[in-house]
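So you know, we letter chains A, B, ... as the sequences are listed, proteins then strands, and number each from 1.
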There are 2 protein chains.
Amino acid sequence: MPTDAQPTTRVRAADELKQVALDQFATVGFAGTSLQHIADHAGYSKSSVLYHFASKEALLEAAIEPAISEFEAVLDDFIAGRGSGRRRTLVARVVDLLLENRQAVHVFLIQGPSLAELPIIARANAAVRRLAEAIGDERESVVDQVRFGIGLGGAAFLLTAGRSFADADALPADDELRDVLHVVLGELLAPRDRPRPTTTD
Amino acid sequence: MPTDAQPTTRVRAADELKQVALDQFATVGFAGTSLQHIADHAGYSKSSVLYHFASKEALLEAAIEPAISEFEAVLDDFIAGRGSGRRRTLVARVVDLLLENRQAVHVFLIQGPSLAELPIIARANAAVRRLAEAIGDERESVVDQVRFGIGLGGAAFLLTAGRSFADADALPADDELRDVLHVVLGELLAPRDRPRPTTTD
DNA sequence: ACGCTACTTGACCGATCGGTCAGATCCTGC
DNA sequence: GCAGGATCTGACCGATCGGTCAAGTAGCGT
């Protein structure tokens, strides 16, 4: 695996294909995306796509696996961690992860349940469920679990499907979006028995 | 024009097909659902499905149109209305609409952007955009618009895709869910007096 | 009993699906 | 210049897609 500044042809083509595929999977869904579309959009033939990736599923896996690994890392840190800043740290890292992996998150969070038979999606679903349980364990109230579900799902919706409902010229920049998401998700997920934090980082 | 208590065969078959189709569209997506699957699952042949509905798109339209009309009615009342209880009323009606039309909402809110070329979906998308603008007009802060997006998208996520992430035996009953959603969405969407945290616009 | 309508179905259509395979073409080390 | 692997592609495969069509069946008014 070369770390060249000048990427080899193989790596470049595979990366292009992964990016195009991820865009398509996130916008029209995994089932709604054909290998032919991906190939056309990337400027290759369908055969080339299947040369670089053994199957459509393998292409999906290659496209979203990094985001899932990162998500699992965030989750493991949260579960293993302790201290008062845990929840705030989780929110910050999840927001960053959402912003940097919009398409992948859309695939495994929004389309996840309908693709559960794919191993990579099953792994992602297991991670999401683990996070839900970790939240549920430490705060048993249904209200809090709903807050978690709305926060996570709502943020994912906002950054993917929901974007198309906003005025194109009114879309906030990512930096602003990150700050705003910190505030709103902080309100949703922060422990309620304390006064709501009004200061941001 | 039968308003029979004993429904005609036509009405019953069409209703069965609509329900099965809606379930499938919501769980595996419109693109991922085939007429053959719908027919098999409903106990009819594919030809019968196409006898009752001229096309797959017509079946989708028949399945989700009532929910969209209801949503438009809620929206019109909100826009035309005034008074202090407006927002609270909106939240209550939207929650009821979500609970009673989970699958339809999932289709036109979550899958909406990817199906925008279908007239019925375009109509739904226009309604959602109208609601977003109505919210945005009266509360200019980006934070509030994000709160709206997270609330709406999050609730839709929670009731559809998100359900599969919860323990099956821990799923709250609809009554409890409605109360909880009132609380959480009320927190998110209700006007706040408190000073805004730092915004960058 | 008849005819009409509502309903259901299997056979069939062209298009497209994911995937295979046998070459072309290109690049690099020798 | 040549061998050999990497890359790319068109032709092709069986299956399935949405959709059409004609034939058949069931039920009801007359």
Using nucleotides 9-19 of chain D, report all nitrogen or oxygen pairs with the protein that are shorter than 3.5 Å.
from: D/dT9; atom 1: OP2; to: A/Ser45; atom 2: N; distance (Å): 3.0
from: D/dT9; atom 1: OP2; to: A/Ser45; atom 2: OG; distance (Å): 3.4
from: D/dT9; atom 1: OP2; to: A/Ser48; atom 2: OG; distance (Å): 2.9
from: D/dG10; atom 1: N7; to: A/Ser47; atom 2: OG; distance (Å): 3.2
from: D/dG10; atom 1: O6; to: A/Ser47; atom 2: OG; distance (Å): 2.1
from: D/dC17; atom 1: OP1; to: B/Ser34; atom 2: OG; distance (Å): 2.9
from: D/dG18; atom 1: OP1; to: B/Thr33; atom 2: O; distance (Å): 3.2
from: D/dG18; atom 1: OP1; to: B/Lys56; atom 2: NZ; distance (Å): 3.0
from: D/dG18; atom 1: OP2; to: B/Leu35; atom 2: N; distance (Å): 2.9
from: D/dG18; atom 1: N7; to: B/Lys46; atom 2: NZ; distance (Å): 3.0
from: D/dG18; atom 1: O6; to: B/Lys46; atom 2: NZ; distance (Å): 3.3
from: D/dG19; atom 1: OP2; to: B/Lys56; atom 2: N; distance (Å): 2.7
from: D/dG19; atom 1: N7; to: B/Lys46; atom 2: NZ; distance (Å): 3.4
from: D/dG19; atom 1: O6; to: B/Lys46; atom 2: NZ; distance (Å): 2.8

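A donor atom on one side chain and an acceptor atom on the other are found under 3.5 Å apart for A/Asp40 and A/Gln36.
Between A/Asp175 and A/Arg178 there is a salt bridge, since at least one side-chain N of the basic residue sits less than 4.0 Å from a carboxylate O of the acidic one. Here B/Asp15 pairs with B/Lys18 in a salt bridge; the nearest charged N to carboxylate O distance falls below 4.0 Å. Residues A/Glu133 and A/Arg129 are not paired through a salt bridge, judged by the lack of any N-O separation under 4.0 Å between the basic side chain and the carboxylate.
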Expected list for residues 58-71 of chain A: side-chain donor-acceptor pairs under 3.5 angstrom, two or more places apart:
from: A/Glu65; atom 1: OE2; to: A/Ser69; atom 2: OG; distance (Å): 2.8
from: A/Glu65; atom 1: OE2; to: A/Arg123; atom 2: NH1; distance (Å): 3.2
from: A/Glu65; atom 1: OE2; to: A/Arg123; atom 2: NH2; distance (Å): 3.1
from: A/Ser69; atom 1: OG; to: A/Arg123; atom 2: NH2; distance (Å): 3.0

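In terms of phosphate contacts, B/His52 brings no side-chain nitrogen or oxygen within less than 4.0 Å of OP1 or OP2 of C/dA6.
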